[in-house]
2 protein chains.
Amino acid sequence: MSNKEIQEQRMKGYFIQATKEILKGEGLKSISVRNISERAGYSYATLYNYFKDVKDLIFECVVDFQDECETFIKSETKKYEPGLIKIKAITKAYIKYFIQYPGIYELFYIEKTTDLAHKQPTVKLIHNFLNKLCEEEWQYCLNNKILNSAEASVMKETLHYAVIGALIIYINRRQPATYKEFSIIVESQLNYILNLA
Amino acid sequence: MSNKEIQEQRMKGYFIQATKEILKGEGLKSISVRNISERAGYSYATLYNYFKDVKDLIFECVVDFQDECETFIKSETKKYEPGLIKIKAITKAYIKYFIQYPGIYELFYIEKTTDLAHKQPTVKLIHNFLNKLCEEEWQYCLNNKILNSAEASVMKETLHYAVIGALIIYINRRQPATYKEFSIIVESQLNYILNLA
DNA sequence: TAAGTATATTAACACTGTTAAAAATATAAT
DNA sequence: ATTATATTTTTAACAGTGTTAATATACTTA
């Protein structure tokens, strides 16, 4: 990597860092070009020397957050036995991560894809994120004849949709009112969907 | 109702009508005070004589759309037998309505409640919309011992979350790519959640 | 040091919601 | 009917948004 590339990457990093901080803190609605640039220590127009537009910048953050989320989930769930138990644990860790950073959830699932349509592969990446995280475990269930293909398929999709819905209603609508209530509902739903205890 | 009130209500109606047209057509992102007012045939500032702010106006539309949606669902499902079969039919009609008007779905579930927090009862109304539409049928299942209380509860919540999630991913993310594929997934999920065929 | 290039900043444009002052209209009283 | 008073509508303005073009600064090389 040439000096020029190193420096350019460093500059991009300053803006990405600033954006990530705002998203984790105040959330998506506090994101603005001037706001990001001020935190990065540059003028607002400088941003456009390193990113096509602000959506481009935000999208780079998505990739970072996904890595971060994946790392978090791995460390939270490594002690669980493989299969449905682990799928449940992964899902709970997934929910936990986004509850901790609602701004990141907004970014992942609420922000219209239309606005980011030029990055189709990344969009697919986001959409399949939970499924990807559980992929190994679903495969385990199939290999060990715990589930057949049709069962696994419907469980996987139902789990996926229910988790997205649960998070949007809790994060975006504050329903139910407390995290405790929310946890109880989630727990019983996971058991129901995954046919556990 | 006094003349003054009639006239005021009429004026509000013009703005509400204009807003509803835009929401059904171009969607939430095309909503702007100037855009609405132009369509209503008035200057942008006139809007503020009849609504506290644009969120107030939008919220009046929510109530209208809910009535419209409920009427649509009632007419689509009246021929179905009561119980789980009817719950499935109601849910499918619910999905059908929002697929037809994605802009209204945005408004219902994606628009942050925070921005409309001053109308808490209405927010609860929206959140419980699907559950309210099915309430009678859930009661039927309990009365006829088709389900016990715990079963009904978890089914109801899972159904609710899964439907919200399914719609957000299909409408906001265009995943899966076709309505046909989407319908198949929805069908199998409804059967799984409601423990049907 | 001077010229040329790359980068950063300011100024400007078109948009957003909202408010205060100005203009137009309708109502009331003489 | 004409004047005076309310009421309602519009225009102008403000503070914000993303983005671009022109200007100013810093750096590199001759």
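First the proteins, then the strands, lettered A, B, ... as listed; each starts at 1.
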Atom CZ of B:R10 and atom C1' of D:dT8: how far apart are they, to the nearest Å? 16 Å
note: B:I58, atom CD1; C:dT18, atom C1'; distance rounded to Å ~ 14 Å
At under 4.0 Å between heavy atoms, what does B:T46 touch on the DNA or RNA strands: base, sugar-phosphate, or nothing? base
Do the side chains of B:Q17 and B:E21 get nearer than 4.5 Å, heavy atoms only? yes
Closer to the 5' end of DNA chain C via nearest nucleotide, is it B:Y44 or B:Q7? B:Y44
Compare the minimum distances between each of D:dT19, C:dA8, C:dT18 and the side chain of A:M11, then state the nucleotide with the smallest one. C:dA8
So what does A:F51 touch, heavy atoms closer than 4.0 Å: a base, only the sugar-phosphate, or nothing? nothing
Taking atom P of C:dT18 as reference, at what distance in whole Å does atom CG of B:D53 sit? 5 Å
Does the pair A:Y140 and A:N144 meet the rule for a side chain to side chain contact (heavy atoms under 4.5 Å, CB included), with working shown? CA-CA 6 Å; A:Y140 174 90; A:N144 290 65; 3.8 Å; yes
Pull out every residue in residues 35-42 of chain A that has a heavy atom closer than 4.0 Å to any atom of DNA chain D, ordered by number, or say none. none
Which one, D:dT9, D:dG18, C:dA8, comes nearest to the side chain of B:Y50? D:dT9
Would you mind reading off the distance between A:Y14 atom OH and C:dA8 atom P, rounded to a whole angstrom? 11 Å
Taking it one step at a time, do A:L130 and A:I164 satisfy side chain to side chain contact (heavy atoms under 4.5 Å, CB included)? CA-CA 10 Å; A:L130 179 59; A:I164 303 298; 6.0 Å; no
Could one point to a donor on the side chain of A:R34 or the base of D:dG18 with an acceptor on the other under 3.5 Å away? yes
In whole Å, I'd like the distance from the NZ atom of A:K29 to the C1' atom of D:dG16. 15 Å
Rounded to the nearest angstrom, tell me the gap between atom OH in A:Y48 and atom C1' in D:dA21. 14 Å
Of all the heavy-atom pairs spanning A:I146 and A:E151, show the shortest one and how long it is. O-OE1, 4.4 Å
Would you mind telling me which of D:dT19, C:dT16, C:dT9 lies closest to the side-chain atoms of B:S32? C:dT16
Between A:F65 and A:Y101 (judged by ring centroids, cut-off 6.0 Å), do the two rings come close enough to count as a pair? no
What's the CD-P distance between B:E8 and D:dT8, to the nearest Å? 8 Å
Atom-pair distance (CD1 on A:I31; C1' on C:dT16), nearest Å: 18 Å
Compare all side-chain heavy atoms of B:Y179 with those of B:V186 and state whether any distance is below 4.5 angstrom. no
Stepwise side chain to side chain contact (heavy atoms under 4.5 Å, CB included) test for B:Q139 and B:E135: CA-CA 6 Å; B:Q139 202 54 54; B:E135 188 53 44; 4.0 Å; yes
